[in-house]
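Note: hydrogens, waters and symmetry copies are ignored here, and every other heavy atom, side chains too, is used.
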Amino acid sequence: MSSPIETERLVLRPPMLRDYDAIARLMADPEVMRFLSMDGRPAGRFGAWQSFAGQVGHWHLRGFGMFNVFERVTGEFVGRVGPWR
């Protein structure tokens, strides 16, 4: 997997198991998911796990994928960004 990318304000890194709860909260948010999901609906924890596991698998199988993004100073999760296919 890739090393983290750091900017003045952000840290971007491949998904790690400790990120799962933050991803599950993101995917449970209806406002967020209206832009991220095919049907516009929020995901439960199992759906979030499937998505999370898919991201991890993408990194392992293809060598690239979505980054989880954190504020550099606080370490707070702020989202995800990057190529998928």
Identify whether [X] and [Y] are in the same connected component of the hydrophobic contact network (ILVMFWY, side-chain heavy atoms under 4.5 Å).
| X | Y | result |
| --- | --- | --- |
| L10 | I5 | yes |
| F46 | V56 | no |
| V69 | W59 | yes |
| L36 | W49 | yes |
| F77 | L17 | yes |

Do you know which two heavy atoms are closest between [X] and [Y], and how far apart they sit?
| X | Y | answer |
| --- | --- | --- |
| P14 | F67 | N-CD2, 3.9 Å |
| V11 | P4 | CG1-CB, 4.2 Å |
| A48 | A24 | CB-CA, 3.7 Å |
| A28 | P42 | O-CB, 3.4 Å |

Self-check item: Atom CZ of R9 with >12 non-hydrogen neighbours under 6.0 angstrom
Solution: no
Quiz prompt | Approximate separation, where rounding is to 0.5 Å, of E31 CD and D29 CG | solution = 7.0 Å
May I ask you to test the [X]-[Y] pair for a side-chain heavy-atom distance under 4.5 Å?
| X | Y | result |
| --- | --- | --- |
| M27 | F52 | no |
| E6 | R72 | yes |
| Q55 | S51 | yes |

Quiz prompt | Cationic N near anionic O, under 4.0 Å, D19 to R80 | solution = no
Practice problem: Indicate yes or no: does D21 engage R45 in a salt bridge with an N to O separation below 4.0 Å. | Solution: yes
